[in-house]
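Reading through the structure tokens given below for one structure.
Both counts, for ligands and for their atoms, begin at 1 and track the order of listing.
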Amino acid sequence: MALTEERCAAPGCENLSTRRGEHVIPNALVRALTKAVWASGTYIAASTSGGAEAETDQPLYIKLPCCAHHNSVLSKHFEERGQKAAKQFLGITSTHQPNGTTAYAAVPLASAPPLTSEDACEFGRWIVKTLLLMHHPQAVWEMSGFERLTEPVDSQRAHLPEAVYADLFAGNVPRGCHAWIAATADQSLTEPVVAAPRVPLVTVGGNAGVPSTLGLAARHAVDGFTLVLQVVWQPDALVIHPDEETGDAVRVWPRPRAGLKLADLRVLSLEDGAKFWATFAQVRDLTRFPVGRTAVVAKGLWWVSCGDQANGHRFYALPRVDSRTRVDAVRVFAEMAGLLDPDTNSRQ
Ligand SMILES: [Zn+2]
């Protein structure tokens with residue numbers, strides 16, 4: 001179905017989509033990666049019913065039907081500054097040519113300037129937006145018009161509440177989003193390495209936590225590696241990434257730190273990379289927490305209750321914490337969630 005026959009993906013919007021719709025992974029960024037970073041060649045688009053593979057010279061696109069108004073909201077609040085930060089982080093420069101085209105080049109990562117704290121924030125917002133919109137029920141995955149067979153089937157699509165999409169299409173990062181990045185060895189030429197999930201995402205206040213992970217080849221060939229982006233949506237819970245405290249992964253939302261630089265990321269082995277990909281497991285029904293209580297989910301750290309302000313209870317227990325970093329991370333999240341006031345925060 002042509003995008004123009006569909007309603008805009010923004011909840012409640014009655015407009016029909018424009019012809020282009022919204023590219024969830026922006027066209028300009030895919031073009032920059034294709035021209036400057038990825039090896040030229042043929043992409044496998046799909047297997048036909050006869051078993052033959054359809055081929056294309058274009059990489060994967062993920063599109064959403066979107067009206068002109070909501071497209072401009074996403075541009076203004078996420079894309080314009082977010083894509084600029086993403087390109088800087090990936091060490092890609094673009095130059096406008098006299099003939100009206102744009103030339104792209106990949107600079108050595110060591111010489112790519114680090115992101116300021118403002119740019120790191122834009123990068124983090126952009127990652128959250130991209131990885132959540134990928135799961136929108138109207139998202140179409142295609143390569144040059146071929147619908148790709150590896151498109152996540154319905155059961156693999158995360159089911160996020162409409163309010164999450166309403167926030168994104170209003171230009172806001174939804175409450176309860178967390179994002180990390182890691183660099184992993186290039187897995188495209190090897191047998192897939194499988195790892196078990198380490199962190200269960202529980203159900204808090206009726207909201208089942210949702211993970212979303214996406215790999216982007218950041219440099220190809222012999223010493224190539226993949227930049228893996230990971231987002232978790234889990235409101236009313238503190239989510240701690242086990243790879244964050246070891247330095248294998250870096251948090252980019254909320255509160256990314258200034259000085260973010262791709263060359264500074266340790267490139268993880270295939271095994272450690274697989275562990276990062278598989279970090280979070282969705283546990284829909286096993287553990288439920290009522291609203292007002294807050295769970296921390298992290299490897300080696302049991303539940304931390306951060307108080308029930310509505311009922312006047314205020315407690316802050318951190319069993320099995322053996323790392324200063326983890327304590328700090330928990331405190332940052334607790335503060336952001338409004339679970340700790342400055343008085344409580346200063347008491348150690
Ligand atoms: Zn719309």
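Taking the six-membered ring for Trp and the full ring otherwise, Trp180 and Phe280 have centroids separated by under 6.0 Å.
The shortest heavy-atom contact between Leu33 and Ile92 is CD2-CD1, 3.8 Å.
Side-chain contact check for Trp126 and Gln83: no donor-acceptor pair (N or O, by modelled atom type) lies under 3.5 Å. When only modelled atom types and interatomic distance are considered, Thr279 and Arg198 share a side-chain donor-acceptor pair under 3.5 Å.
Protein N/O/S atoms closer than 2.8 Å to the Zn ion (ligand 1): Cys8 SG, Cys13 SG, Cys67 SG, His70 ND1.
Ring-plane geometry between Phe123 and Phe89 is classed as tilted, the angle between the planes lying from 30 to 60 degrees on a 0 to 90 degree scale.
Using a cutoff of 4.0 Å between basic side-chain nitrogens and carboxylate oxygens, Lys84 and Glu122 are not scored as salt-bridged.
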